[in-house]
S.K.: 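The following block contains the structure, expressed as structure tokens.
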There are 2 protein chains.
Amino acid sequence: MPRPSKKEHLVETAVKLFGRDGFHATGIDKILQEAGVARMTLYKHFRSKDELILAALRRRDEQFRIWFKSAIEKSGGTPAERLLASFDALDEWFAGRAFAGVPFTGCAFINATAEFSEANHPVHQLAAEHKRLILEYLRLLASSAGARDSDGLAWAISLLHEGAIVTAQVSSDIHAGQGAKKIARTVMAEHGIEVTTKSLANEDAY
Amino acid sequence: MPRPSKKEHLVETAVKLFGRDGFHATGIDKILQEAGVARMTLYKHFRSKDELILAALRRRDEQFRIWFKSAIEKSGGTPAERLLASFDALDEWFAGRAFAGVPFTGCAFINATAEFSEANHPVHQLAAEHKRLILEYLRLLASSAGARDSDGLAWAISLLHEGAIVTAQVSSDIHAGQGAKKIARTVMAEHGIEVTTKSLANEDAY
DNA sequence: TATTAGAGACTGAACGGTCTATATTAATTT
DNA sequence: AAATTAATATAGACCGTTCAGTCTCTAATA
């Protein structure tokens, strides 16, 4: 059991290659070669390619949610401002500044459902769970921001996220997050949350 | 050259299988078998699998845009109402009622960019073009609806579409369109377009 | 009779997955 | 502490299958 765990490195490499080239187009051999790991090492840790895919997506879920939350929280504003800051985080991601040296290739979980369309496939379900976890976080922010209908607001913000991600991906629009942010501001106002552009206001939202 | 063109049937079958199982996961053999067509017939009409993919996506683009526009226009309202009706059309699609007997498996073009992430790959570019064409149509509606910033409104509606599509796909949310529609109403109001729920109003938008 | 279209065998490469032989490590025994 | 044994991780050859794509031979049409 070497210190820089081979298993970990394998999963990390899988995340990168699956993200870049897709799941079906990425062969076991390519991952093995890129990771500098032997075949049996993979099958010692994973039953099949599908299980490696699942492991890679679990790793990605963890990695992404940690980054996303920290990117939002380092903005340091009120919960309402953080909801808006989430769109700035997206643009950082789109520009390739979120995950060191790894260009933006869309959301791994949206991409996963594209390749595994059956809703009860484990991969598809994992993707749905990832989105659910993010929605939960947004719900917390919306609630803290004092939204009347925090479920509805969180759902709306989430939908705007998805829209921005897909627009950035398909149409190479690096600034889709800023466009979505403007819409988010309008939606938040509708939910009784006004955020002035340069604000220290809304302190009563706490 | 038989009357029910083999080439046409091949492309139609490809659209179906690529849509259901993805591009890389769908082998030539499966398409051939499903279409009841011989190998050489395919390579008589297409240089490679990639060209069949492109042909299938072109067919899908045509098919989808025709359906989408007609679904919107048969709602028969004002341009502003049609912008909103687009979300009802999406929900019809999500529920599997748009394309006879073919269950919803997400947008073929979003799915395509998931498998072909390189922005200058012909498949990716075709997907971008498809989105551009839909955006153009929305721009026309937004303009007819009397939007102050028709470009901005069309872009926002498009982003809401993408968000609804992805939410329906990943989270099996058949009613994502209705949620997006509510947001659209708010955004339209912000653009100076009010549409009452049961309206024959806004006739001056013409 | 000339031309074209179709069926199926065939190709080399790549697929996911297995097997075995060899290092490497850890534990046990002197 | 050293030597030996036991256990495990690794490398790379190997398996049958499937991949995209080609070739040839036959059947149908003009």
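Chain A is the first sequence line, chain B the second, and so forth, proteins listed ahead of strands; every chain is numbered from 1.
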S.K.: Which nucleotides of nucleotides 20-30 of chain D have their base under 4.0 Å from a protein heavy atom (B), which only their sugar-phosphate (S), and which neither (-), written as one string 5' to 3'?
M.R.: BBBB-------
S.K.: How long is the line joining NE2 of A/H9 and P of D/dT10, in whole Å?
M.R.: 13 Å
S.K.: Any salt bridge (Lys or Arg N to Asp or Glu O under 4.0 Å) pairs touching residues 63-74 of chain B, not counting sequence neighbours?
M.R.: B/D61-B/R65
S.K.: Less than 3.5 Å apart, which donor and acceptor atoms pair up between the side chains of residues 178-187 of chain B and the rest of the protein, not counting sequence neighbours?
M.R.:
residue: B/Q178; atom: NE2; partner: B/D88; partner atom: OD1; Å: 2.9
residue: B/Q178; atom: NE2; partner: B/D91; partner atom: OD2; Å: 2.9
residue: B/K181; atom: NZ; partner: B/D88; partner atom: OD1; Å: 2.9
residue: B/K181; atom: NZ; partner: B/D88; partner atom: OD2; Å: 2.9
residue: B/R185; atom: NH1; partner: B/V195; partner atom: O; Å: 3.2
residue: B/T186; atom: OG1; partner: B/K182; partner atom: O; Å: 3.3

S.K.: Please list all pairs passing the side chain to side chain donor-acceptor pair (under 3.5 Å) test where one or both residues lie in residues 93-108 of chain B, with sequence neighbours left out.
M.R.: B/E92-B/R97
S.K.: Roughly how many Å is it from NZ in A/K30 to P in C/dA13, rounded to a whole number?
M.R.: 18 Å
S.K.: What residue pairs, at least two apart or across chains, pass salt bridge (Lys or Arg N to Asp or Glu O under 4.0 Å) with a residue in residues 112-131 of chain B?
M.R.: B/E129-B/R132, B/K131-B/E162
S.K.: Let me know the distance between CZ of A/F46 and P of D/dA9, rounded to the nearest Å.
M.R.: 13 Å
S.K.: Any side-chain N or O of B/T41 less than 4.0 Å from the OP1 or OP2 oxygen of C/dG6?
M.R.: yes
S.K.: Can you see whether B/F46 has B/K7 sitting over its ring - NZ or CZ less than 6.0 Å from the centre and within 45° of the normal?
M.R.: yes
S.K.: Can you name the ring pair (Phe, Tyr, Trp, His ring centres under 6.0 Å) partners of B/H175, sequence neighbours left out?
M.R.: none
S.K.: Can you tell me how far P of D/dG12 sits from NZ of A/K44, to the nearest Å?
M.R.: 16 Å
S.K.: Nearest whole Å is fine: how far is D/dA13 P from A/L32 CG?
M.R.: 13 Å
S.K.: Rounded to the nearest Å, what distance is computed from the NZ atom of residue A/K6 to the P atom of nucleotide C/dT25?
M.R.: 11 Å
